[in-house]
Amino acid sequence: MTGIDCGCLRMATQIKMAMAISSALPSPLLLAASLMLLIVQAQGFTRHYEFNVQMANATRLCNTKSMVTVNGQCPGPELVAREGDRVVIRVTNNVAHNISLHWHGVRQVRTGWADGPAYITQCPIQTGQSYVYNFTVDGQRGTLWWHAHISWLRATVYGALVILPKLGVPYPFPAPHKEVPVIFGEWWNADTEEVVNQAVQTGGGPNVSDAFTINGLPGPLYNCSARDTFKLKVKPGKTYMLRLINAALNEELFFAVANHTLTVVEVDAVYVKPFTVDTLVISPGQTTNVLLTAKPYYPGANFYMSAAPYSTARPGTFGNTTVAGILEYENPAMSPSAASFVKGLPLFKPTLPQLNDTDFVTNFTDKLRSLATAEYPAAVPQSVDKRFFFTVGLGTLPCPANMTCQGPNNTQMAASVNNVSFVLPARALLQSHFTGLSSGVYAPDFPVAPLSPFNYTGTPPNNTNVKTGTKLLVLQYNTSVELVMQDTSILGIESHPLHLHGFNFFVIGQGFGNYDAVNDPAKFNLVDPVERNTVGVPAGGWVAIRFLADNPGVWFMHCHLEAHTTWGLRMAWLVLDGSQPNQKLLPPPSDLPKC
């Protein structure tokens, strides 16, 4: 990777120049120089990155395999920018698979061509080809991430995307001593493309992963992995900001550090009212920044940093293991060059919730609140132009003739939104919309509510088959939207982390059972609801969100459990251009990949 931080280099040079000449400059010239620095700060800089998609060998759990990576790394390069910067990433595909990359949580205002989901906003980058992702991070700061957005390649193609505040703008909490990305992932001994292909061919559930990882390392609780352990070394009394990212394919995770508390200050790159917990929950696609303050003295002990799954699904359909890193303290009595990990010290382990502890998850998510200050307001739409009701859940498809399927009662596993299991097109949706050549690619008639209502969380209907199609829901520019997403009991209740591309939204309410359109809205929080880009639809419950459709383009919305996405739990919104020039989708770049 070449991550050229043009901004910091130029800014440092300009500050030095300003300081050097300040004593010689008359005050009007000094003022002009200072104004120039402010202009540079306001406009941001361009950050250039080179991402080479290439095969690399990796050994975990005493198993070596060749896998798809960016620049030979897993996790891939950390991408760093400041609010207001332009980011330019040239992605060159040197592997046999098609590839596309998504910059998860970046708004991509009017630059949907850079969003990345294959066959939604672009055709994938074919072998031997390159594509330049070019976008600006406006009005956002915090922890996001990037990942492959085609098939299951994000199992090994992912990394942190850190957006720092503008120069001179502090965090709305005490500045930490150090900031550390902590990325949760999954490791399969097998090739994940073979795992998903086998599941699709048999119609059953995919094989679960062999381990969870922290920053690519399984850690001491897995076979043959004691040396492959993430270790965080801290100084007594110092505060550390952990930038937590759940890049796992199919698992929501509990996380805790033994004998330490975590203060939550941000989720999905939006500041929240700080609150302190022993344990948190984080879903695939979500990010959470926490402050961890080390003990004021050397404790003479080490501490596990542990993560384990939250799931209400049937046993055997998810990996039920625990990953651990180690928090260790610098010993003032030892030289800094001494071995960092002393084997003889006591090792404390945190107690995590039971794997199906939905009450814990609810209590945690209820604590999340936007700052809602003058500097960081919560711009919740107070009026609603369009209301939608989506069921999200599992289902089945009939087994094709002359085939035996491993789904329930010889069916194929499926998943849907409003009983439509989304089929990826052969041509990218955004290009089809932009050129007006959408016939045969998609239909603009996604149902705004279930066509056949039923008792969503009660006894499931006898017919669990879903329909298939490539349908979009069309919105006029600047429409204020309220969307209720309802889990169903078909094939069992589950939590579904839903991710919306192109927007942040406000989580105004959630509950269990069937949503009550008469009585539940009275409980909505329209003052300081949490703002995010990925939200868990509660197992056996519902969640209500609001957002303003002020970003023209085609925007994917899908479950971030990769198995469910593969089965069709996905849809797309088409937001039309507004009337003003700055409300219209920009034209596609000249190097946009072709299908």
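Residues take their numbers from the sequence shown, with the count starting at 1. All of these numbers come straight from a predicted model, not from anything done at the bench.
Checked against Glu482 for a side chain to side chain contact (heavy atoms under 4.5 Å, CB included), the options Phe388, Phe524, Phe506 give a single hit: Phe524.
By the ring-ring contact (aromatic ring centres under 6.0 Å, His included) test, Tyr158 pairs with no residue at all, sequence neighbours left out. With sequence neighbours left out, the side chain to side chain donor-acceptor pair (under 3.5 Å) criterion links Trp187 to Asn189. In this structure Leu576 satisfies the side chain to side chain contact (heavy atoms under 4.5 Å, CB included) test together with His433, Val474, Gln476, Leu574, sequence neighbours excluded. The side chain to side chain donor-acceptor pair (under 3.5 Å) check on Ser283 picks up Glu252, with sequence neighbours excluded. Legend: residues meeting salt bridge (charged side-chain N to carboxylate O under 4.0 Å, His left out) with Arg107, ordered by chain and number and at least two apart, are Asp550. Every residue was checked against the salt bridge (charged side-chain N to carboxylate O under 4.0 Å, His left out) condition with Arg570, not counting sequence neighbours, and none meets it. Under the rule for a side chain to side chain contact (heavy atoms under 4.5 Å, CB included), the partners of Thr156 that lie at least two apart in sequence or sit in another chain are Met67, Val68, Cys74. Every residue two or more places apart in sequence or in another chain was checked for a salt bridge (charged side-chain N to carboxylate O under 4.0 Å, His left out) with Arg60, and none qualifies. Taking Glu562 as the reference, Arg154 meet the salt bridge (charged side-chain N to carboxylate O under 4.0 Å, His left out) condition, with sequence neighbours excluded.
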request  = Begin from the C-alpha positions of His564 and His558 and carry the test ring pair (Phe, Tyr, Trp, His ring centres under 6.0 Å) through to its verdict.
outcome  = CA-CA 9 Å; His564 295 177; His558 59 94; over 10 Å; no
inquiry  = Evaluate Phe51 against Trp146 for ring pair (Phe, Tyr, Trp, His ring centres under 6.0 Å), listing each step before the verdict.
reply    = CA-CA 12 Å; Phe51 275 23; Trp146 59 266; 4.9 Å; yes
request  = Take Ser421 and Ser416 through the test side chain to side chain donor-acceptor pair (under 3.5 Å) and record every step on the way to the result.
outcome  = CA-CA 4 Å; Ser421 184; Ser416 68; over 6 Å; no
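Under the 30°/60° scheme for interplanar angles, the aromatic rings of Trp542 and Tyr515 are found to stand perpendicular.
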Listed pairs under 3.5 Å, donor-acceptor, residues 439-452 side chains, sequence neighbours left out:
unit_1: Asp445; atom_1: OD1; unit_2: Lys471; atom_2: NZ; d: 3.2
unit_1: Asp445; atom_1: OD2; unit_2: Lys471; atom_2: NZ; d: 3.4

Taking only distance into account, with no hydrogens and no angle test, what donor-acceptor pairs under 3.5 Å do side-chain atoms of residues 389-397 form with protein atoms, sequence neighbours excluded?
unit_1: Thr391; atom_1: OG1; unit_2: Asn418; atom_2: N; d: 3.3
unit_1: Thr391; atom_1: OG1; unit_2: Asn418; atom_2: OD1; d: 3.4
unit_1: Thr396; atom_1: OG1; unit_2: Thr464; atom_2: O; d: 3.3
unit_1: Thr396; atom_1: OG1; unit_2: Thr464; atom_2: OG1; d: 2.8
unit_1: Thr396; atom_1: OG1; unit_2: Asn465; atom_2: OD1; d: 2.8

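A ring-centre distance under 6.0 Å is not found for His496 and His560. The aromatic ring centroids of Phe360 and Phe254 lie less than 6.0 Å from each other.
Counting only N and O atoms by type, the side chains of Ser151 and Glu193 include a donor and acceptor under 3.5 Å apart.
Atom NZ of Lys467 sits in a sparse spot, with 12 or fewer heavy atoms from other residues, nucleotides or ligands closer than 6.0 Å. Atom CG of Asn57 has more than 12 neighbouring heavy atoms from other residues, nucleotides or ligands inside a 6.0 Å radius.
Minimum interatomic distance between Thr229 and Gly325 (heavy atoms only, all atoms of both residues): CG2-CA, 4.2 Å.
Here side chain to side chain donor-acceptor pair (under 3.5 Å) pairs that include residues 113-122, with residues two or more places apart or in two chains, are His102-Asp115, Asp115-His501, Gln122-Tyr133.
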